[in-house]
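Each chain gets a letter, A, B and so on, in the order its sequence line appears, and its residues count up from 1.
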Amino acid sequence: MIEWSSTTIKAFQTTLLDWYDKAGRDLPWRHDHEPYHIWVSEIMLQQTQVQTVIPYYERFMAWFPTVTALAQAPEERLLKAWEGLGYYSRVRNMQRCARQLLADYDGQWPQTAAELSDLIGIGPYTAGAIASIAFNEPVPAVDGNAYRVFSRLLEIDADITKPGTREIFEQAISRIMSTDRPGDFNQAIMDLGASYMTARQPDTAHSPVKAFNQAYLDGKELDYPVRTKKPRPQPVDYVAVVTKMGPDWLMTQRGSKGMLANLWTVPLIKLTDLDVTTDDSAADLISAVRQYFKQEYQLILTATTLAVRPVTHTFTHQKWTIQLLQGQVEPAELAFFAGERVSPTDLATLPMPKVQAKIWDRYRQADPE
DNA sequence: TAAGCGTGGAG
DNA sequence: TCTCCAAGCTT
């Protein structure tokens with residue numbers, strides 16, 4: 001890692017902020033410095049790109065314009081607002097945070113990163129972002145952009161996937177950042193990371209700060225940031241039973257922990273829970289699923305295979321391959337079923353994950369009525 | 001500290 | 001199709 005003189009630091013601040021004043025992006029959450037607006041945008045932007053977030057942000061503000069509105073919203077409505085964004089615990093934690101603010105802080109946001117970190121769902125990055133942007137506190141906001149930008153500017157060799165590395169960057173950035181305009185400084189770094197200093201194909205030749213970019217000057221830009229690779233997703237086989245009860249659909253709500261918590265899907269069963277493998281015949285699969293419905297749901301299922309390709313869906317840690325069955329049950333014994341009989345009208349109000357959308361698509365492909 | 005947690009885009 | 005990456009936090 002290289003060190004900058006105070007002269008270099010001053011020149012960098014001026015260059016960066018002048019560029020930001022001229023070329024900074026006009027984004028919906030930059031129209032004011034309301035902590036609620038900054039907070040919502042920052043949570044949505046975690047591991048998610050700006051282009052994806054914008055329509056979600058606009059709708060979220062229309063549905064939940066204030067901390068109080070968010071605190072009082074039904075969870076189903078919250079998850080519906082988040083449907084398709086992923087990492088769904090983010091929005092459940094936001095509601096917990098909103099309630100925490102009302103209960104413990106008299107509805108007033110704390111104004112320092114140290115205090116903001118105590119709130120549910122607000123980690124070191126988000127605390128720094130809110131504190132600097134909404135409250136002008138000179139603290140760094142170390143996200144993926146900051147890792148990328150500063151590792152290249154200063155040739156920082158620490159592995160950014162290691163938790164301890166954050167402090168190295170926080171210290172380096174603290175010495176460099178503007179104390180007059182900390183919020184603009186942090187946002188300028190993000191805009192820089194999203195434009196000239198991207199991960200794959202940086203355009204440093206035209207970057208406003210190329211003269212400060214040591215890795216670029218050394219021809220080693222793509223060596224930064226240093227990170228260890230993630231393991232590839234593990235394959236898991238499922239069977240989805242698209243089940244009708246008269247005109248209605250049989251839907252189940254997932255548990256409150258783990259993947260896709262509290263979201264709704266059709267009955268989705270791991271093949272390993274059925275004691276069958278992908279090599280077994282369709283008849284064996286149906287037989288096992290019938291048994292499963294009887295034992296778990298006290299429902300008598302009639303099922304047929306669907307002549308369509310399985311649905312595949314890749315998560316961060318798992319790759320699902322899902323066989324589709326079409327099922328019917330008699331509307332006799334729903335009491336023990338961990339789910340609901342849902343009318344076509346109500347179906348649209350249930351929050352469902354992307355993988356369920358794929359299941360509907362593939363089902364319609366097989367059964368176009 | 002390492003693992004778990006979604007989705008979309010780019011190459 | 002596969003791999004990597006994107007404004008991270010929690011346990």
Side-chain angles (χ1 to χ4, degrees), chain A residues 24-25 27-30 37-57 79 82-94 96-97 116-130 132-133 140-149 159-166 169 183 185-195 197-202 222 224-225 227-236 254-263 265 309 312-321 351-358:
Chain A
R25 291 173 289 182
L27 300 169
W29 46 89
R30 288 184 176 174
H37 297 165
I38 307 303
W39 174 54
V40 172
S41 69
E42 292 300 340
I43 301 292
M44 285 188 171
L45 286 161
Q46 288 170 10
Q47 306 287 284
T48 311
Q49 295 186 342
V50 167
Q51 183 183 338
T52 304
V53 163
I54 290 174
Y56 281 92
Y57 175 84
L79 289 172
W82 215 261
E83 186 181 71
L85 257 191
Y87 287 141
Y88 297 93
S89 67
R90 287 184 290 175
V91 71
R92 299 196 296 140
N93 284 339
M94 279 178 79
R96 294 173 64 199
C97 179
L116 287 162
S117 299
D118 291 337
L119 295 167
I120 294 163
I122 297 185
Y125 162 72
T126 307
I130 298 174
S132 62
I133 298 169
V142 186
D143 67 338
N145 288 305
Y147 280 132
R148 192 167 56 257
V149 168
D159 183 341
I160 65 166
T161 66
K162 304 288 184 195
T165 299
R166 164 178 301 281
F169 279 78
F185 181 93
N186 285 333
Q187 292 185 94
I189 295 299
M190 297 176 204
D191 282 17
L192 200 55
S195 55
M197 297 186 68
T198 56
R200 299 294 190 86
Q201 293 190 316
L222 293 180
Y224 296 93
R227 69 164 88 225
T228 54
K229 291 180 183 174
K230 296 169 196 160
R232 67 178 56 174
Q234 294 302 302
V236 186
R254 296 176 61 84
S256 60
K257 295 186 186 305
M259 284 182 52
L260 310 175
N262 292 3
L263 295 175
T265 68
R309 282 182 297 124
T312 62
H313 189 76
T314 305
F315 300 93
T316 309
H317 295 284
Q318 293 179 6
K319 176 176 179 171
W320 289 5
T321 302
M352 292 178 262
K354 186 59 62 178
V355 66
Q356 179 60 50
K358 289 188 183 177

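The backbone N or O of A:Gly128 sits less than 3.5 Å from a side-chain atom of A:Ser132, completing a donor-acceptor pair. With A:Gln356 contributing its side chain and A:Thr265 its backbone, the two residues share no donor-acceptor pair below 3.5 Å. Using modelled atom types, one side-chain atom of A:Arg90 and one backbone atom of A:Gly86 make a donor-acceptor pair closer than 3.5 Å. In this structure, the side chain of A:Arg254 does not engage the main chain of A:Ala261 through any donor-acceptor pair within 3.5 Å. Checked by atom type and distance alone, the side chain of A:Lys358 pairs as donor or acceptor with a backbone atom of A:Thr312 at under 3.5 Å. Although no hydrogens or angles enter the test, the distance criterion places a donor-acceptor pair under 3.5 Å between the side chain of A:Ser41 and the main chain of A:His37. Side-chain N or O atoms of A:Arg148 include one that pairs as donor or acceptor with a backbone N or O of A:Met197 at under 3.5 Å. Of the possible polar contacts, one joining the A:Thr48 side chain to the A:Gln46 backbone as a donor-acceptor pair under 3.5 Å is found.
To the nearest angstrom, C1' of B:dT7 lies 11 Å from CG of A:Leu260. Rounded to whole Å, the distance from NE2 on A:His317 to P on C:dT3 is 15 Å. The distance between atom NZ of A:Lys358 and atom C1' of B:dT7, rounded to the nearest whole Å, is 9 Å. Protein atom CG of A:Asp118 is 14 Å distant from nucleotide atom C1' of C:dC9, rounded to whole Å. When rounded to the nearest whole Å, the span between CE of A:Met352 and C1' of B:dT7 equals 17 Å. The CE atom of A:Met197 sits 12 Å away from the P atom of C:dA6 (whole-angstrom rounding). Atom-to-atom, CD1 of A:Ile130 to P of C:dG8 comes out at 13 Å; the value is rounded to the nearest Å. As rounded to whole Å, 8 Å separates atom P of C:dC5 from atom CD1 of A:Ile160.
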Produce the list of close N/O pairs, under 3.5 Å, pairing protein atoms with atoms of nucleotides 9-11 of chain B; give distances to one decimal.
from	atom 1	to	atom 2	distance (Å)
B:dG11	OP1	A:Gln201	OE1	3.0

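Residue-level contact check: A:Trp39 touches neither bases nor backbone, having no heavy atom under 4.0 Å from any strand. A:Ala199 comes within 4.0 angstrom of the backbone, heavy atoms only, and of no base. Across all strands, A:Ile189 comes closer than 4.0 Å to no nucleic acid atom at all (heavy-atom distances). Residue A:Gly258 is classed as a sugar-phosphate contact, given heavy-atom separations below 4.0 Å to backbone atoms only. Across all strands, A:Lys257 comes closer than 4.0 Å to no nucleic acid atom at all (heavy-atom distances). A:Arg25 comes within contact range of at least one nucleobase, with a heavy-atom separation under 4.0 Å. Using a 4.0 Å heavy-atom cutoff across all strands shown, A:Ser41 reaches no nucleic acid atom at all. Contacts of A:Val50 with the nucleic acid, taken as non-hydrogen atoms under 4.0 Å apart, include base atoms. Looking at heavy-atom distances under 4.0 Å, A:Met190 makes contact with a base. Among the heavy atoms of the strands lying under 4.0 Å from A:Arg30 is at least one base atom, whether or not backbone atoms are also near.
The gap from the P atom of C:dA6 to that of B:dC5 amounts to 22 Å, rounded to the nearest Å. Taking atom P in both C:dC9 and B:dG8, one finds a spacing of 22 Å when rounded to whole Å.
One finds a side-chain N or O of A:Arg227 lying less than 4.0 angstrom from the OP1 or OP2 phosphate oxygen of C:dC5. Residue A:Ser89 places no side-chain N or O under 4.0 Å from the OP1 or OP2 atom of C:dC9. For A:Arg232 and C:dT1, the shortest distance from a side-chain N or O to OP1 or OP2 is not below 4.0 Å. At C:dT3, none of the side-chain N or O atoms of A:Lys229 fall inside 4.0 Å of OP1 or OP2 (strictly under the cut-off). A sub-4.0 Å separation between OP1 or OP2 of B:dT7 and a side-chain N or O of A:Tyr88 is present. An OP1 or OP2 oxygen of B:dT7 is reached within less than 4.0 angstrom by a side-chain nitrogen or oxygen of A:His313. A close approach under 4.0 Å does not occur between any side-chain nitrogen or oxygen of A:Lys230 and OP1 or OP2 of C:dT3.
The side chain of A:Lys162 lies closest to B:dA2, out of C:dC9, B:dT7, B:dA2. Listed candidates were C:dG8, B:dG6, B:dT1. Nearest to the side chain of A:Pro163 is B:dT1. Which of C:dC9, B:dT7, B:dC5 sits closest to the side chain of A:Phe315 comes down to B:dT7. Distance from the side chain of A:Asn93 is smallest to C:dT10 among C:dG8, B:dG8, C:dT10.
Ionic pairing of A:Asp191 and A:Arg30 is present here: one or more N-O contacts between side-chain nitrogen and carboxylate oxygen are shorter than 4.0 angstrom.
Side-chain rings of A:Trp29 and A:Tyr57 approach one another, their centers coming within less than 6.0 Å.
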Applying the Watson-Crick and G-U criteria (both distances under 3.5 angstrom) with [ ] for crossing and | for other-strand pairs, one obtains for DNA chain B .||||.|||||
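No donor-acceptor contact under 3.5 angstrom links the side chains of A:Gln187 and A:Arg25, judged on distance only.
Of the candidates A:Ile43, A:Ile120, A:Leu119, A:Met94 forms a side chain to side chain contact (heavy atoms under 4.5 Å, CB included) with just one, namely A:Ile43.
The base of B:dG6 sits within donor-acceptor range of the side chain of A:Thr316, with an N or O pair under 3.5 Å. Between the side chain of A:Thr48 and the base of B:dG6, at least one donor-acceptor pair of N or O atoms lies under 3.5 Å.
Each of A:Ile43 and A:Pro233 lies near DNA chain C, and the nucleotide nearest A:Pro233 is the one positioned closer to the 5' end. The 5' end of DNA chain B is approached more closely, in terms of each residue's nearest nucleotide, by A:Thr161 than by the other of A:Thr161 and A:Met259.
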Apply the test side-chain contact (heavy atoms from CB on, under 4.5 Å) to residues A:Val355 and A:Leu260: give CA-CA distance (whole Å), side-chain angles for both, the deciding distance (0.1 Å), then the verdict.
-> CA-CA 10 Å; A:Val355 66; A:Leu260 310 175; 4.2 Å; yes
